[in-house]
Structures are given as C-alpha cells and as structure tokens.
> 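Take a look at this one; I'll ask things after.
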Amino acid sequence: MTQGFNYDYLVIAYRLSILTFYIGVLIYALPLPWDSIKKWAPTLIQDSVASLILLLLLSSLLELSNRVAGLIGGSWEYFGVWIKSSLVELTSLKAVLTLIESLPNVLGTLTGMKTVVKSVDRLVTTALYFFVFIYSLSWIVKSLGTLLLSIGVALYAVPFRISKSAGAWLIAFILVFSAGFQVMPVFLHTLSQNGLLVGFGPIEKYGVALANITVYSQGGRIGDGVLNIILIENNKIIAVRPVTNGYAKGAYFRDGVTVPSKAPVEYRLEYLGVQFNLTPYPAYPSNYTQIGGLWWINLSNPYLVYSKQGVLLYTTGVVENISINNDITSIIYLNKGDYIKERHVDSCSATLEVSPATGSWIQGSWEWAGLKGNFNGFVASQSGYYRVHYIYSCGKVGFPRVHYKAYAGIRAILESFMSINIIEGFILYYFTFPSLYLLLLYSITFSLARVLGGRDRFRIRIF
Amino acid sequence: MAVSDVLNLIQSVTQQITTIAWALFLLTWSIGWTIRGSPIPIGRLKRAGNSLIEDSVWAAFWLAVGSTIFNLIMYIVSTLTH
C-alpha cells in the first residue's frame with residue numbers, strides 16, 4: 001500500500017468502541033426490567049470488544065493479505081506491469097485498426113474488409129474500456145486502501161450496529177481485492193497465453209498508405225520490372241512488387257501498393273538482371289502527392305534510358321535527348337570509360353548502333369528470374385556526344401519470376417486474425433477470464449464480510 | 001478541525017455516560033432491592049426486582065473492568081509514545 005493508515009479514523013474507531021461499551025453498561029444499569037431493551041446490553045459490550053480487536057488487528061490483516069498474495073506469486077509490481085502492457089497492446093491494436101479504417105476506399109476494393117475491421121474495432125474498444133476500469137479499480141484499492149480500511153473500521157465501531165455491515169464489507173473489500181489484484185496476472189497467465197497480436201508491429205510503427213507508383217525511364221514509362229521497397233531505417237526489403245506498363249501492382253488493392261506512411265523508403269527497380277536506384281531517393285512521405293486518398297509518386301532513374309517488355313537500354317552517361325518512333329534515337333554524352341548497354345530476352349531481337357563508334361564493344365548473355373537473353377554494350381574511349389540508335393522487336397516475353405511480397409498484406413493479416421481460434425482466445429483472455437475472476441473476488445468479499453460480522457445486505461438497525 | 005471536534009464530542013459523551021451509569025447503577029440497585037423486599041405478593045414483580053438487581057451488579061462489574069482496562073491501555077500507549 002502506498003500510504004500508512006489514516007490515524008484520524010482509527011482514533012475515531014477507538015473512541016467509538018469505548019463509547020459503545022459504556023452505552024452497553026448504561027443499558028445494564030437502567031431501571032427498566034424489559035428484555036427487549038436489556039438484550040442490547042450484552043450485544044453492545046460484545047460489539048465493542050470485537051471492534052477493538054479488529055482495530056488492533058487491522059494492519060496485521062492487511063499484511064496477511066499481502067503475504068498470501070506473495071505466496072501465490074503475485075505482487076503490485078507484477079500486476080502493474082501486466083495491466084500496463086495489456087493496455088498498450090489493446091491501444092496499439094486499436095491504432096492499427098484506425099489506420100486501416102482510414103485507408104481510402106478505392107473503387108470498392110475495401111468495403112468488405114472495412115466491415116470486418118469495424119466489428120473487430122468495436123470488440124477491441126470494449127476490451128479497452130474494461131481494462132481501464134480494472135486499472136482504475138486497482139488504483140483505488142492500492143492508493144486509497146489504507147484510508148478505506150480506516151473508514152471501514154470506524155463505521156464498524158459505531159454503536160447499535162448502525163453501520164457495522166457497511167464497515168465489515170468495506171474492510172473485506174479492501175483485504176480481498178488487494179490480494180486479488182496482485183494475484184490476477186498469475187491467474188490469467190496460467191489459464192491462457194498471449195501472442196494474439198503478431199504481425200501488426202510494422203504497420204503500427206511505420207504507418208500504412210496506399211501508393212500509386214509509376215516508374216519512368218528517360219524515354220517514358222517503362223514496361224515490366226520488379227520494384228523493391230527498402231526501409232531506410234533498417235535497410236530491410238519490406239516489399240517486392242511487380243511492375244507492368246510502368247505501374248506497380250498492389251497485392252490486395254487494385255490501384256495501390258501498401259507503403260509505409262511514416263518512414264522514408266528507398267525504391268529500387270530490377271529488370272533483366274540490372275538494378276536501378278530510383279529517385280526521389282530517399283522517398284519521404286512528403287515526396288508523394290495525395291490525391292483522392294491515394295499517394296501518387298513518379299519514380300525514375302537518369303541512367304535508365306529505355307525499357308519495355310523484354311528490352312532494357314541503360315548508360316552511365318548523360319542522356320541529352322531521346323525520341324521514340326518505332327525505334328529509339330538518343331543523344332548521350334559519354335565520358336571516357338562510360339558505356340551504353342542493352343539487354344534483351346531470347347524471344348526479342350535487338351540492334352544497338354552508336355556513332356561515332358570510337359570505343360569498344362562487349363557482348364554476352366545473362367540469366368535472371370526465369371528469363372534469359374543476351375546483352376550488347378558500347379564502351380566509349382573518348383568523351384563526347386554519341387548518337388545512339390536502338391531497334392528491337394519482340395515476340396512473347398515472360399514475366400520475371402521472383403518471390404513477391406506486400407508490405408502490409410492487410411487482408412491476409414485480418415483474415416488470420418478473424419480465424420475462430422484467435423477471436424475465441426481474444427474474448428476469453430480479455431473478457432471472460434477477468435470477469436469471472438472479479439466475480440469470484442466479489443463473492444469472497446461477501447463471505448469475509450459476513451465472517452467479520454456484517455450481513456450480506458446493507459441494513460440500518462435502530463433499536 | 002472537524003475530526004478533533006468529533007473526537008472531543010465522543011469523549012465528552014463517553015464521560016457523561018460513565019457518570020450517568022455509575023449513578024444509575026446505584027439507583028437501579030436500590031429500586032431492585034426495594035421491589036424485591038416490598039410486601040407486594042405478585043411473583044412477576046419480585047422477578048423483575050431480581051433482574052434489576054442482577055443487571056445493576058453486572059453494570060457495576062463491567063464499569064469497573066472497562067475503566068480499568070481502558071485506563072491500562074491509555075497508560076501503555078502513553079509510555080510507548082514517550
């Protein structure tokens with residue numbers, strides 16, 4: 001308990017019990033021979049002795065209750081840690097659900113999921129209120145416990161049993177619930193286990209937004225590709241999305257890719273075995289344009305000259321201009337040692353012409369993500385402007401076979417959360433067992449109050 | 001302060017009751033013997049007188065025991081706090 005006993009009330013209780021004693025004696029001394037009055041005399045004397053004993057034993061009883069709780073393995077620290085972590089869990093779950101609810105309803109893809117989220121949200125809110133109630137009650141018992149005990153024993157000592165049951169109940173309440181709260185986490189942990197909320201961590205920490213991502217080369221939107229999304233904070237690849245016709249495809253949402261909304265990321269494009277860091281680099285939440293609930297962003301790389309399904313043209317020089325008809329013509333400034341390279345898949349044929357041809361050529365083959373093909377490259381031997389002409393034609397081109405994953409597979413997480421076992425476990429752990437336990441404590445309180453000398457109903461007795 | 005007022009009130013009431021109890025004890029005891037010794041032949045009256053005597057003696061007993069014990073407690077508390 002955080003405070004010592006309130007001596008004012010204890011002294012009141014002491015004086016009241018003495019008063020009760022002398023009133024009892026007085027009734028004995030009254031010259032009225034009627035039993036209905038005289039029976040109060042021994043009653044009052046017994047009451048005064050009982051309340052004196054209770055007064056003297058009060059601190060020992062409290063110590064006993066704390067000792068019992070300690071024997072079972074509970075303590076106020078343990079309870080404090082448990083209730084705070086439960087509240088934090090529930091609050092962060094609620095935060096995640098609010099985030100999901102705030103995602104835009106893009107072309108109706110989210111309606112079904114939002115209904116589910118709303119029901120789960122209601123459940124979580126109720127659990128949150130319940131646990132706040134438990135926390136407040138435990139605060140009352142812990143901080144005001146000794147004060148309430150002192151008041152209880154003062155009520156107990158009032159003559160003629162006016163408030164004896166009220167005092168007995170109050171004392172029983174504090175004694176039982178102070179041990180009860182300390183033991184509560186032990187009780188709950190032996191009945192069930194935690195771990196219901198895996199998978200929500202990153203969403204809560206970094207936020208989630210729906211992004212419409214378009215990838216450009218110097219010659220317009222690219223064709224196919226694989227987009228890696230890397231979290232700058234820990235350099236981890238948090239998503240791998242396919243790109244078709246320059247647009248990144250979402251896993252569960254037709255028009256949007258889930259990306260973090262509160263942390264910067266790095267976008268990296270990979271196609272035909274070549275990787276490009278895409279600007280803006282890094283991509284902060286402020287780099288996106290928010291229209292209609294979606295976050296729009298255009299990504300590009302200055303060295304990526306041109307890319308469509310099956311072909312890739314890139315350089316280490318500076319692209320001055322580029323024009324596209326059926327084939328690609330571009331003026332590129334190359335320093336000595338810079339190169340222009342192209343890659344194409346087997347089902348494509350491509351020709352790369354560079355003028356002036358002051359440099360060396362390299363060729364070879366490559367294999368990547370289930371695709372294979374050949375590459376040609378021109379390495380400049382002197383600095384200057386080079387005119388590049390690239391002609392290609394393709395047959396059927398396959399799509400890169402890579403393990404794709406989404407940052408926030410929200411529907412997948414929600415679906416696993418909505419499985420019967422997890423919902424059952426949630427309701428059991430956050431509602432059923434705590435309620436049962438509190439009811440148990442409540443009934444023990446009544447029994448102890450009856451033992452101490454009250455009845456199980458509050459009744460004011462006058463003569 | 002309200003608490004000390006209440007305490008003083010209770011203490012004064014207790015003292016008054018003690019005084020009244022001592023006085024009443026004597027009174028009841030006398031009345032009891034008077035009724036018991038009176039030449040009225042009604043049995044119930046005699047039994048009433050008997051009970052009055054008995055109760056008054058109990059009253060005196062508890063008065064004495066009570067004051068002794070409470071004064072003892074006060075004495076112990078005062079020596080402990082010094």
Side-chain angles (χ1 to χ4, degrees), chain A residues 4-59 146-147 150-151 153-160 162-163, chain B residues 1-36 44-74 76-77 81:
Chain A
F5 283 93
N6 188 314
Y7 287 112
D8 288 341
Y9 290 107
L10 293 183
V11 171
I12 289 180
Y14 177 66
R15 293 277 160 85
L16 279 175
S17 60
I18 296 180
L19 178 65
T20 312
F21 180 83
Y22 280 119
I23 294 179
V25 168
L26 181 70
I27 292 180
Y28 255 138
L30 279 178
L32 306 168
W34 299 310
D35 275 340
S36 57
I37 300 174
K38 290 283 176 159
K39 77 164 192 280
W40 272 106
T43 313
L44 283 175
I45 293 178
Q46 284 164 18
D47 277 356
S48 81
V49 171
S51 66
L52 262 179
I53 293 178
L54 187 62
L55 179 61
L56 293 171
L57 284 181
L58 200 59
S59 59
T146 47
L147 174 65
S150 318
I151 295 177
V153 83
L155 288 173
Y156 191 87
V158 170
F160 295 111
I162 292 173
S163 52
Chain B
M1 221 185 70
V3 175
S4 59
D5 289 344
V6 168
L7 289 175
N8 288 336
L9 174 67
I10 295 179
Q11 194 159 17
S12 61
V13 168
T14 312
Q15 271 171 348
Q16 285 170 2
I17 288 181
T18 317
T19 331
I20 296 174
W22 276 117
L24 265 183
F25 143 69
L26 288 170
L27 179 65
T28 310
W29 192 80
S30 326
I31 294 179
W33 271 114
T34 315
I35 295 179
R36 193 183 151 177
R44 263 191 73 194
L45 207 55
K46 297 256 196 286
R47 266 179 265 125
N50 258 340
S51 73
L52 279 178
I53 296 168
E54 222 180 290
D55 289 339
S56 69
V57 171
W58 272 122
F61 169 70
W62 282 119
L63 264 178
V65 165
S67 351
T68 314
I69 293 183
F70 293 141
N71 286 333
L72 191 65
I73 293 177
M74 289 297 192
I76 292 175
V77 165
T81 51

> Heavy atoms, side chains only, cut-off 4.5 Å: are A/Y22 and B/L63 in contact?
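In short, these two side chains touch, coming nearer than 4.5 Å.
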> Who wins among B/F25, B/W22, B/W29, B/W58 for the most heavy-atom pairs under 4.5 Å with chain A?
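Of the options given, most contacts go to B/W58.
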> Can you see which heavy atom on A/P33 is nearest to which on B/A48, and at what distance?
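Answer, listing the atom of A/P33 first, then B/A48: CB-CB, 4.1 Å.
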> Which bit of A/Y9 is near chain B, if near means a heavy-atom gap under 4.5 Å: side chain, backbone, both or neither?
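It is neither, since no heavy atom gets under 4.5 Å.
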> Taking side chain as everything from C-beta outward and backbone as N, CA, C, O, which of these in B/I20 sits under 4.5 Å from a heavy atom of chain A? Side chain, backbone, both or neither.
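Contact with chain A is through both the backbone and side chain of B/I20.
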> Could you state the interatomic distance from CG (A/L26) to OG1 (B/T18), rounded to the nearest 0.5 Å?
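Between atom CG of A/L26 and atom OG1 of B/T18 there are 9.0 Å.
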> Taking all non-hydrogen atoms of both residues into account, name the closest pair between A/L32 and B/L52 and its distance.
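Here A/L32 and B/L52 meet closest at N-CD2, 3.8 Å.
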> Among the options A/L16, A/V11, A/V25, pick out the one with the most heavy-atom pairs lying under 4.5 Å from chain B.
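So the answer, after comparing A/L16, A/V11, A/V25, is A/V25.
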> From A/L19 CG over to B/L9 CG, what is the distance, rounded to the nearest 0.5 angstrom?
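The CG atom of A/L19 sits 9.0 Å away from the CG atom of B/L9.
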> Give, for atom CZ of A/F21 and atom CD1 of B/I17, the distance between the pair rounded to the nearest 0.5 Å.
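That separation rounds to 12.5 Å.
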> Would you compute the distance between atom CG of A/L30 and atom CG of B/L24 and round it to the nearest 0.5 angstrom?
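Rounded to the nearest 0.5 Å, the CG-CG separation comes to 5.5 Å.
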> With a 4.5 angstrom heavy-atom cut-off, which part of A/I45 approaches chain B: side chain, backbone, both or neither?
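Answer is side chain: those atoms of A/I45 sit under 4.5 Å from chain B.
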> Quick one: are A/Y28 and B/F61 in side-chain contact, heavy atoms under 4.5 Å?
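In short, these two side chains do not touch, never coming nearer than 4.5 Å.
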> Side chains of B/L7 and A/I12: closer than 4.5 Å at any heavy-atom pair?
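Yes. Closest side-chain heavy atoms under 4.5 Å.
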> Where on B/S51 is there a heavy atom nearer than 4.5 Å to chain A: the side chain, the backbone, both, or neither?
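Answer is side chain: those atoms of B/S51 sit under 4.5 Å from chain A.
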> Heavy-atom distance under 4.5 Å between the side chains of B/F70 and A/L52, does that happen here?
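Contact flag for B/F70/A/L52 side chains = yes.
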